Amino acid sequence: MKNTIKIIVLTSLCLLFASCYSVRLRSINGAPQPDPLMLGDDYYRGMEVVTLDTVIKIDITSKDFTFLIKETDKCKSGKLHTIEFKNTFGGSLLSAVTFGRKRKMKVKYVCMKPTN
């Protein structure tokens, strides 16, 4: 009985950690949009970061979802320098329960510095 519980707990922990991941894509061309007030010790130090934390809804017939990056005060150039997508256990669980129709999405992106 104790071995069965240990196996279930170990399997659950493996699934929990395997379902949490982060992917970061970065352009080698251009410079990131600076933010002198961003003083953290992480990767994004000195960059103006835009964070998007939402749940998207996808129809059963749709295969993909497109989010458009526009020129705004936070993204003056409308071009991406760095983008990071994070998936968590809760996001994977929500997607599994709703058969992929709802997906929790956490995205951080840094726009390119506008050129003169």
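Computed from heavy atoms alone, side chains included, the values below leave out hydrogens, waters and symmetry copies. Worth saying up front: this structure is predicted, and the values here are computed from it rather than measured.
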Quick one: pull up [atom1] in [X] and [atom2] in [Y] and give me the separation to the nearest 0.5 Å.
| X | Y | atom1 | atom2 | value |
| --- | --- | --- | --- | --- |
| Lys57 | Thr98 | NZ | OG1 | 10.5 Å |
| Met105 | Asn87 | CE | CG | 11.5 Å |
| Leu52 | Phe85 | CG | CZ | 10.5 Å |

**Prompt:** Which atoms form the tightest heavy-atom contact between Pro114 and Gln33, and what is the distance?
**Reply:** CD-OE1, 4.4 Å
**Item:** Closest non-hydrogen atom pair, Pro34 against Glu48
**Value:** O-OE1, 3.9 Å
I'd like to check [X] versus [Y] (side-chain heavy atoms, cut-off strictly below 4.5 Å). Are they in contact?
| X | Y | result |
| --- | --- | --- |
| Arg24 | Tyr43 | yes |
| Leu80 | Thr82 | no |
| Lys104 | Asp53 | yes |
| Tyr44 | Asp35 | no |
| Arg26 | His81 | yes |

**Asked** Would Ile83 and Met112 show up in the same hydrophobic cluster when neighbours are defined by side-chain heavy atoms closer than 4.5 Å?
**Response** no
**Prompt:** Just by distance, with hydrogens left out, do Ser77 and Glu71 show a side-chain donor and acceptor under 3.5 Å apart?
**Reply:** no
